[in-house]
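The structure appears right after this line, and notes come after that.
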Amino acid sequence: MNNGYVVAVVGATGAVGREVLSILESRKFPVRELRLLASARSVGRRIDGYTVAAVTDAAFDGCDIAIFDVPDAVSKEWAPRAAARGAVAIDNAGTFRQDPDVPLVIPEINAAAIAHRPRGIIANPNCTTATFIVPIAPLHRAFELKRLFGASYQSVSGAGQPGIDQLWAEVRAVVERGEPLHQPLGTAFPHPIALNVIPSVGSLREGGHTSEEVKALAETRKILGHPTLVVGMTCVRVPTLVSHGVAVHAEFERMPTADEAREVLRGAPGVVVVDDPQANRVPTALTAAGRDPSYVGRIRIDGAGHLAFFAVSDNLRKGAALNTVQIAEALIEAEPGLRNRGTIAGAPR
Ligand SMILES: NC(=O)c1ccc[n+]([C@@H]2O[C@H](COP(=O)([O-])OP(=O)(O)OC[C@H]3O[C@@H](n4cnc5c(N)ncnc54)[C@H](OP(=O)(O)O)[C@@H]3O)[C@@H](O)[C@H]2O)c1
């Protein structure tokens, strides 16, 4: 009988890592042994009765599943090393999402892709992509998506703990001073975020796009298996703590009415329709915070004849921690006998 899995959470001290720990527990993931790993700065720290250890090759010995919630550079180095030590690495960073040998998975949409993972790594999509692709995928299946335009409203926790810390520091300061700030009180954002919006998320890329906007295009194409899909996004940081919203305008080969779209969305896994604007029932950031689904509302045909809606989900949960745990659940459902494969020849010692 299977008595559970050895699971490592790498980045267990961060905003996403701590959420992974709580979701593993609340969803009763069958854990036989839990290893909390982080940087040397956190070694010895106690979280939920566990002691944090440093990331080392030996930390992955005998580990079945390693969930990575660390910066890109750290996962780039350590996810392949964990896989070389025989673990399946589930990675939340951006590093491997476009690698053709790494599946990019949202279990409600493409769980079967998990089976093909030649590098022993499975990637988790970006939090903004996760927000709108959960409702867009069933609409695409029903009506064939042609073009998608959107603007995001992204919370500060999308920039991790430093983003949360900067917003709180600035909120305290603006309340004390009674006016907006001229300089940021932190390094997560280059402008003050309290009482402000910043129309730039991520680093600047060719053509004036940001890295977040480039990810939305590439990841949507990969997850939907639609390599020619047109996606136009503007990503904006707003002063909310948790949840990313996306205002979506989509064109389909067979344009649905708003009612037809609503019906598809009502039956879609992972989607909750909150759509009665006359009664002020619209999905807000706080609707989604701390919850699992992608909430969708304001469903209508816009002035250009496109299907429009607002989708919002908790970026730390569906956008990150929850989806990685759902990947782990799909993995053990498909492969209940999953075990550490042992150190692969040539792996670092
Ligand atoms: N926040 C989101 O909404 C979101 C959504 C999707 C994906 N992601 C991705 O998830 C990852 C984690 O994001 P986060 O928001 O949780 O960031 P965070 O709050 O800044 O946490 C970063 C974590 O990485 C650890 N770490 C940093 N450098 C390390 C090193 N050299 N070796 C080992 N561990 C190291 C930190 O450990 P220490 O505490 O010891 O420094 C901490 O546990 C990132 O790749 C991010 O892009 C985030």
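Numbering of ligands and ligand atoms starts at 1, following listing order.
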- Message: Quick check: N315 and ligand 1, any N/O pair under 3.5 Å apart?
- Response: yes
- Note on the structure: of all protein heavy atoms, closest to atom 44 (C) of ligand 1 is V70 O, 3.3 Å
- Who's closest to atom 29 (C) of ligand 1 heavy-atom-wise, of V74, D314, D69? V74
- Item | Polar proximity ligand 1 side, G14 side, N/O cut 3.5 Å exclusive | yes
- Query: Are T131 and S313 close enough that a side-chain donor and a side-chain acceptor fall under 3.5 Å?
  - Reply: yes
- Heavy atoms only: which of P162, A54, C127 is nearest to atom 20 (O) of ligand 1? P162
- Item | Within 6.0 Å of CD in E77, more than 12 heavy atoms from elsewhere | yes
- Task: May I ask you to list the residues sharing a hydrophobic cluster with W78, side-chain cutoff 4.5 Å, ordered by chain and number?
- Result: V10, L37, V55, F60, F68, V70, V74
- Note on the structure: Between the CG atom in N315 and the CD atom in E19, the distance rounded to the nearest 0.5 Å is 9.0 Å
- Query: Would a line drawn from the ring center of Y153 to the ring center of F310 be shorter than 6.0 Å?
  - Reply: yes
- Min N/O separation V55 to ligand 1 under 3.5 Å: no
- Query: Given N92, D72, V52, N126, which has its nearest heavy atom closest to atom 9 (C) of ligand 1?
  - Reply: N92
